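Below: the structure, in structure tokens.
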Amino acid sequence: MSTTFSSARASLSPARARAVAGYRNLALWTLQGWAAMFFFAAGYAKLTESLDNLITLMTWPALVSENLVRGVGIVEIALALGMLAPLVSWKLGRWPLLISAAGLVALEAVMLTVHAIGMDLGLALTNVALLAITIPVLLGRR
């Protein structure tokens, strides 16, 4: 099957190959932006909202210390900024983006497990959607 894909890809004209690469790049930047916006907002909420409000929105903050909740917020903001690092400077290369994408995939997988164990279906599905956004970025930018 891979040889069929390779031969089909090789048969594209140079202009068509550039167009496909452009659409792929645009799609990846869109996914990166969505992930960055979500995690920046989620991290900001974890840093600024009262613990009572966070417990009302999510059940897991009631089970851990406030410092852990705030620490997760800081990590989310740092990873969100790392997703957009190439916008600041291409001299940094892909490493901040790849490290941030891998960190977000790990964080999302852990939180998916936490929400699934807590029977919090809405937040578990949110993490499934976030994984569907972040995994293509990690694989597409490597």
Side-chain angles (χ1 to χ4, degrees), residues 1-12 15-142:
M1 181 161 181
S2 65
T3 56
T4 304
F5 181 72
S6 297
S7 64
R9 192 173 189 182
S11 67
L12 290 177
R16 181 79 172 145
R18 281 192 304 274
V20 169
Y23 288 130
R24 179 180 171 274
N25 189 43
L26 180 62
L28 289 173
W29 271 112
T30 301
L31 294 176
Q32 283 172 241
W34 287 347
M37 287 187 294
F38 178 88
F39 282 102
F40 190 84
Y44 182 78
K46 287 177 183 78
L47 290 176
T48 60
E49 288 293 323
S50 70
L51 197 57
D52 293 333
N53 285 349
L54 292 173
I55 291 170
T56 302
L57 295 171
M58 307 172 282
T59 54
W60 69 269
L63 306 173
V64 298
S65 72
E66 183 175 355
N67 288 337
L68 179 61
V69 175
R70 305 300 183 202
V72 169
I74 291 169
V75 168
E76 287 176 340
I77 289 174
L79 293 174
L81 293 174
M83 290 287 281
L84 300 176
L87 288 175
V88 176
S89 173
W90 281 106
K91 291 179 184 178
L92 296 172
R94 279 188 272 200
W95 292 110
L97 168 62
L98 293 176
I99 291 168
S100 295
L104 287 176
V105 167
L107 180 65
E108 292 160 6
V110 168
M111 294 313 293
L112 172 60
T113 305
V114 167
H115 294 311
I117 289 171
M119 303 301 272
D120 202 349
L121 183 62
L123 292 174
L125 290 175
T126 300
N127 278 281
V128 169
L130 290 168
L131 282 166
I133 290 172
T134 311
I135 290 173
V137 171
L138 178 61
L139 297 176
R141 295 294 189 196
R142 65 185 161 89

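All heavy atoms count here, side chains included; hydrogens, waters and symmetry mates do not. Quick caveat: nothing in here was measured; it's all calculated off a predicted structure.
Residue pairs meeting the salt bridge (Lys or Arg N to Asp or Glu O under 4.0 Å) criterion with at least one member in residues 36-48, sequence neighbours excluded: Lys46-Glu76.
Remark: Leu130 CG to Leu107 CG distance equals 9.5 Å, nearest 0.5 Å. Between atom CD of residue Gln32 and atom CG of residue Leu138 there is a gap of 10.5 Å, rounded to the nearest 0.5 Å.
Not counting sequence neighbours, the partners of Arg70 by the side chain to side chain donor-acceptor pair (under 3.5 Å) test are Glu66. Residues forming a side chain to side chain donor-acceptor pair (under 3.5 Å) with Thr134 (at least two apart in sequence, or on another chain): Glu108.
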Scan the side chains in residues 51-61 for donor-acceptor partners under 3.5 Å anywhere in the protein, sequence neighbours excluded, and list what turns up.
residue : atom : partner : partner atom : Å
Asn53   : ND2  : Glu49   : OE1          : 2.9
Thr56   : OG1  : Asp52   : O            : 2.9

Using a 3.5 Å cut-off and no angle test, enumerate the donor-acceptor pairs between side-chain atoms of residues 115-129 and protein atoms at least two apart in sequence or in another chain.
residue : atom : partner : partner atom : Å
Thr126  : OG1  : Gly122  : O            : 2.9
Asn127  : ND2  : Leu123  : O            : 2.9

For residues 17-26, which side-chain donor-acceptor pairs fall under 3.5 Å, sequence neighbours excluded?
residue : atom : partner : partner atom : Å
Arg24   : NH2  : Gly140  : O            : 2.6
Asn25   : OD1  : Arg141  : NH1          : 2.8
Asn25   : OD1  : Arg141  : NH2          : 3.1

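The shortest distance between side-chain heavy atoms of Phe39 and Leu79 does not fall below 4.5 Å. The shortest distance between side-chain heavy atoms of Leu87 and Leu84 falls below 4.5 Å. For the pair Ile77/Leu47, a side-chain contact is recorded, criterion being any heavy-atom separation below 4.5 Å from C-beta on.
Of all the heavy atoms in Leu131 and Val105, the pair that sits closest is CD2-O, 3.8 Å. Nearest heavy-atom pair across Gly82 and Ser100 is CA-OG, 3.1 Å. Taking all atoms of both residues into account, the shortest heavy-atom contact from Ile133 to Ala35 is CG2-CB, 4.1 Å.
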